[in-house]
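Here's the structure, in structure tokens; my notes come after.
Side-chain atoms are counted along with the backbone in the values below, which use heavy atoms only and exclude waters and symmetry mates.
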Amino acid sequence: MDHREFLKTLPLEERQRLNAKSDAVGLVHLAAHWGLIASIGSLIALRVSGWPVLMPVQGILIVFLFTLLHETCHMTPFETARLNTIAGRVCGFLLFLPPTWFRYFHFAHHRHTQNPELDPELAEPKPETWAGYALHVSGIPVLFGHGKTLIRNAFGRCDDAFVPKQRLRTIRTEAQVMLGLYAGVAAAGFAWNLVEILTVWIVPLLLGQPFLRLYLLAEHGRCPRVANMFENTRTTFTNRMVRKLAWNMPYHAEHHACPTVPFHRLPDLHRLVQPHLRETEDGYARFHRKFVSEFPQ
């Protein structure tokens with residue numbers, strides 16, 4: 001049974017239950033995630049004993065805002081549309097990733113998952129050597145790509161096929177506003193304390209990137225290039241802490257099969273689809289051991 005056939009078997013009442021969004025649940029999860037970033041950032045700024053050790057932790061918390069940004073593309077973390085928009089813009093700003101542009105990128109990825117001609121995630125091939133793997137995991141290429149996208153969009157040079165023509169002006173304005181805000185933050189840093197910005201945000205962002213890259217590679221890495229979402233997307237079984245950090249996105253095949261299901265309902269959807277999943281893995285370490293074992297020796 002593929003994902004389309006499975007969805008046809010779901011009674012209307014069950015679909016409605018699974019698709020039910022909640023501001024309360026979303027805000028509690030958001031408060032925990034943003035609250036930890038603010039708390040650890042404060043400890044770093046105060047230079048508490050051992051504060052450098054907190055910087056990678058801060059980085060992991062910041063980079064995994066990507067999973068929330070990703071969810072806001074679908075307008076599912078919160079019932080109120082405005083909350084999704086605000087959360088997405090804050091996350092996009094912190095990650096140097098324009099949220100409106102990314103929304104269209106991500107929609108194309110969902111429509112054409114693992115299609116080498118149309119899935120924009122496949123524009124940059126997955127690593128097939130140790131050197132390529134190290135570069136990929138470093139996060140340097142993706143951060144460089146984010147910066148390039150911002151500048152290109154700000155100058156009105158966005159030519160991505162997945163962006164609707166009528167949205168190009170919005171994409172340009174978004175990038176210009178973001179660049180203006182970054183310039184303002186930099187100016188404030190030079191006038192106030194640039195070191196604080198570097199140690200609380202920028203350096204942790206760099207330190208956290210490898211953890212996000214390792215996580216994301218498991219979502220589709222070496223999955224078959226077929227249309228069935230139970231086959232072209234991997235669900236990775238992991239612990240509760242990682243699921244919370246990633247807004248339940250380790251249930252990734254479930255998310256691709258039914259992207260209208262909010263993060264807090266994905267465990268329920270998983271229980272229904274588990275017998276049909278073709279690509280699963282018991283943990284991220286196990287996935288990466290298998291992944292690198294196929295590199296040429």
Side-chain angles (χ1 to χ4, degrees), residues 33 53 55-71 95 97 102 105-106 109-110 113-116 119-146 203-226 228-257 263 266-267 270 273-274 276-297:
H33 198 152
V53 178
M55 292 174 70
V57 179
Q58 176 79 334
I60 291 170
L61 290 168
I62 291 174
V63 298
F64 271 86
L65 288 174
F66 175 83
T67 55
L68 171 56
L69 170 61
H70 153 272
E71 273 298 274
L95 296 171
L97 180 57
F102 178 69
F105 174 100
H106 188 64
H109 165 63
H110 267 266
T113 306
Q114 290 292 87
N115 182 329
D119 184 350
E121 282 201 3
L122 297 179
E124 295 294 331
K126 299 294 189 290
E128 295 297 340
T129 65
W130 278 105
Y133 181 77
L135 182 62
H136 178 86
V137 171
S138 74
I140 294 172
V142 74
L143 286 173
F144 178 80
H146 290 176
V203 174
L205 180 67
L206 297 173
L207 294 174
Q209 277 297 325
F211 297 92
L212 181 63
R213 296 303 119 202
L214 291 168
Y215 161 81
L216 291 175
L217 193 55
E219 292 183 341
H220 301 284
R222 299 238 168 86
C223 287
R225 295 186 174 182
V226 296
N228 181 10
M229 298 297 182
F230 293 155
E231 220 174 329
N232 65 23
T233 305
R234 179 179 291 103
T235 284
T236 304
F237 303 120
T238 185
N239 59 61
R240 180 184 177 91
M241 183 177 70
V242 173
R243 289 196 300 270
K244 289 286 187 184
L245 175 67
W247 291 71
N248 274 335
M249 283 302 109
Y251 293 121
H252 209 61
E254 295 81 350
H255 167 70
H256 267 260
F263 73 97
L266 286 176
H270 170 72
V273 306
Q274 188 169 11
H276 310 296
L277 298 178
R278 304 283 185 87
E279 288 288 336
T280 63
E281 192 53 83
D282 293 323
Y284 290 93
R286 186 182 176 98
F287 164 78
H288 282 278
R289 283 196 299 268
K290 290 181 180 179
F291 190 88
V292 300
S293 71
E294 298 185 26
F295 290 165
Q297 300 300 316

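In this structure, NZ in Lys244 is found 4.5 Å from CZ in Arg240, a value given to the nearest 0.5 Å. To the nearest 0.5 angstrom, Leu97 atom CG is 10.0 Å from Leu143 atom CG. Here the straight-line distance linking atom CG of Leu217 with atom NE2 of His136 works out to 4.5 Å at 0.5 Å rounding. Expressed to the nearest 0.5 Å, how far CD of Glu279 lies from NE2 of His220 amounts to 11.5 Å. Once rounded to the nearest 0.5 Å, the distance linking NE2 of His255 with CG of Leu266 reads 8.0 Å. Rounding to the nearest 0.5 angstrom, the gap separating the CG atom in Leu95 from the CD1 atom in Ile62 is 8.5 Å.
Considering all non-hydrogen atoms of both residues, Val142 and Gly139 come closest at CG1-O, 3.1 Å. Between Gln58 and Pro204 the shortest heavy-atom distance is CG-CB, 3.8 Å. In terms of heavy-atom proximity, Pro56 sits nearest to Val53 at CD-O, 3.2 Å. Counting all heavy atoms, side chain and backbone alike, Leu214 lies closest to Val137 at CD2-CG2, 3.8 Å.
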Step-by-step side chain to side chain contact (heavy atoms under 4.5 Å, CB included) determination, Leu69 to Leu65: CA-CA 6 Å; Leu69 170 61; Leu65 288 174; over 6 Å; no
Determine, stepwise, if the pair Val57 / Ile60 fulfils side chain to side chain contact (heavy atoms under 4.5 Å, CB included). CA-CA 5 Å; Val57 179; Ile60 291 170; 5.7 Å; no
Begin from the C-alpha positions of Met229 and His110 and carry the test side chain to side chain contact (heavy atoms under 4.5 Å, CB included) through to its verdict. CA-CA 9 Å; Met229 298 297 182; His110 267 266; 5.6 Å; no
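No more than 12 heavy-atom neighbours from other residues, nucleotides or ligands sit within 6.0 angstrom of CD on Glu124.
The shortest distance between side-chain heavy atoms of His106 and Glu71 does not fall below 4.5 Å. Leu135 has its side chain out of reach of Pro127: every pair of non-hydrogen atoms, C-beta onward, lies at least 4.5 Å apart. Counting heavy atoms from C-beta outward, Arg222 and Glu294 have side chains that approach closer than 4.5 Å. Using a 4.5 Å heavy-atom cutoff, the side chains of Phe66 and Leu212 are in contact.
Looking at Tyr215, Phe211, Phe291 one by one, the single match for ring-ring contact (aromatic ring centres under 6.0 Å, His included) with Tyr284 turns out to be Tyr215.
A distance-only check finds a donor-acceptor pair linking the side chain of Thr235 to the backbone of Ala253 [under 3.5 Å]. Checking side-chain atoms of His276 against main-chain N and O of Phe230 turns up no donor-acceptor pair under 3.5 Å. Judged by distance alone, with hydrogens and angles left aside, the side-chain atoms of Arg243 form a donor-acceptor pair with the main-chain N or O of Thr238 at under 3.5 Å. Side-chain N or O atoms of Gln114 include one that pairs as donor or acceptor with a backbone N or O of Cys223 at under 3.5 Å. Formation of a donor-acceptor pair under 3.5 Å by the Asn232 side chain with backbone atoms of Arg225 is not found in this model. Side-chain atoms of Arg234 come within 3.5 Å of backbone N or O of Gly221 as a donor-acceptor pair.
Between His252 and His70, the ring planes lie tilted relative to each other; the angle falls in the 30° to 60° range. Relative ring orientation between Trp130 and Tyr133 is described as perpendicular, the plane-to-plane angle rising above 60° on a 0-90° scale split at 30° and 60°.
Under the rule for a ring-ring contact (aromatic ring centres under 6.0 Å, His included), the partners of His270 that lie at least two apart in sequence or sit in another chain are Phe237, Tyr251. Residues that satisfy the salt bridge (charged side-chain N to carboxylate O under 4.0 Å, His left out) test with Arg278, not counting sequence neighbours, are Glu231.
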